[in-house]
Student: 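Have a look at this one.
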Number of protein chains: 2
Amino acid sequence: MSHDLSQLITYLQEHGQNITAPRRAVFTALQNSDPLTMAELEKRCPGVDRSSVYRTVMLFERLGVVQRLSIGWKYKLELSDIFQGHHHHLTCQACGKHIEITEDVSLEAQLQALAAAHDFTLKSHQLELFGLCSDCSPRA
Amino acid sequence: MSHDLSQLITYLQEHGQNITAPRRAVFTALQNSDPLTMAELEKRCPGVDRSSVYRTVMLFERLGVVQRLSIGWKYKLELSDIFQGHHHHLTCQACGKHIEITEDVSLEAQLQALAAAHDFTLKSHQLELFGLCSDCSPRA
DNA sequence: CACGAATTGCGACAAATTTGCAAAAAGCCT
DNA sequence: AGGCTTTTTGCAAATTTGTCGCAATTCGTG
């Protein structure tokens, strides 16, 4: 774990940001974890004040360290592309499990084309797939 | 307008739900409108209590009448596929404009394949593209 | 270790969403 | 239309979520 922490430290330094306990805590909580809600994240950062968690998440989002996943009208947080590669999720509507999927190049290209067809300059995108995972499928 | 309202009425009856003033109001507000935030929706349902708007939206979401669009960590509401066809959005990061796009079949097929590759039964998906519309592009 | 700048923890707030309940409206049957 | 039962609504209060100002701490540096 402390291995990846060093990646954060380097990143923060490169962006002229200080390394602080709350920042390490938030990052560590998000590591090797499924996406977390803000409440869950708070709980996993004991001793860190709620407002600090919010401020850290905002900073990290601005720096591109974390990204928010929308699940219906809620959202969850996860480390961003830089720290775990560009990917999307399959969210199981039954058990809530998240499965990471690596998007293939042709899909990316297709989205670009789709945007271009509308004179739109594509900057980023979010794709969420909902359904049932193999465990929750009617007859596995 | 009252034409489409009859579509809602039929739908609600088929699902054993009552037809009430708040429900008609919420539906009508969402008709022929760009996606709305909860606050905007409330404002367009004068005389309807805030909690009723929330309850109605929740019901409609459960019934598949409305769907929430995630814009970053906020969301907007719009009538769902059943009432206005399956589509996605291009959201301009500069002016906030939403452009509806009809997704092509090949993309749908690709998503199906993507899910299948993970033993996942795809039920629905949401695709949001962010960038700059032609008006806001650096040099139009 | 000392200094100036950046950040944190608190407490107070504001906004968003939910809930309990009595009153009002909807659906149904004469 | 009138009466009856069930579902919803409106209202008020409680939660939950996200912000903000500020003095106390911590960080990065020399």
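The analysis underlying the following values was restricted to heavy atoms, covering all of them including side chains, and did not include hydrogens, waters or symmetry mates. Here is how names work: the chains are called A, B, and so on, in the same order as the sequence lines, proteins then strands, and each is numbered from 1.
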Student: Would a distance-only check, ignoring hydrogens and angles, find a side-chain to backbone donor-acceptor pair under 3.5 Å from His88(B) to Leu127(B)?
Tutor: yes

Student: Quantify the bending of the helix from dC1(C)-dG30(D) to dT30(C)-dA1(D) as the angle between its end axes, each fitted on five pairs, to 10°.
Tutor: 50°

Student: Determine, stepwise, if the pair His86(A) / His125(A) fulfils ring pair (Phe, Tyr, Trp, His ring centres under 6.0 Å).
Tutor: CA-CA 11 Å; His86(A) 182 56; His125(A) 66 268; 5.1 Å; yes

Student: Please enumerate all residues that pass side chain to side chain contact (heavy atoms under 4.5 Å, CB included) together with Gln84(A), with sequence neighbours excluded.
Tutor: Glu78(A), Leu79(A), His87(A), Glu100(A)

Student: In the 5'-to-3' direction, what one-character label does each nucleotide of nucleotides 7-21 of chain D receive under the scheme B = base within less than 4.0 Å of a protein heavy atom, S = sugar-phosphate only, - = no such atom?
Tutor: SSBBB-----SBBBB

Student: May I have all residue pairs that pass salt bridge (charged side-chain N to carboxylate O under 4.0 Å, His left out) and include part of residues 38-58 of chain A, sequence neighbours excluded?
Tutor: Glu42(A)-Arg50(A)

Student: May I have the list of side-chain donor-acceptor pairs in residues 14-25 of chain B shorter than 3.5 Å, sequence neighbours left out?
Tutor:
unit_1, atom_1, unit_2, atom_2, d
Thr20(B), OG1, Arg23(B), N, 3.4
Arg23(B), NH1, Asn18(B), O, 2.8

Student: Run the ring-ring contact (aromatic ring centres under 6.0 Å, His included) test against His118(A) and tell me which residues pass, sequence neighbours left out.
Tutor: none

Student: Strictly distance-based, threshold 3.5 Å: is any side-chain N or O of Ser52(A) a donor or acceptor partner for the main-chain N or O of Val48(A)?
Tutor: no

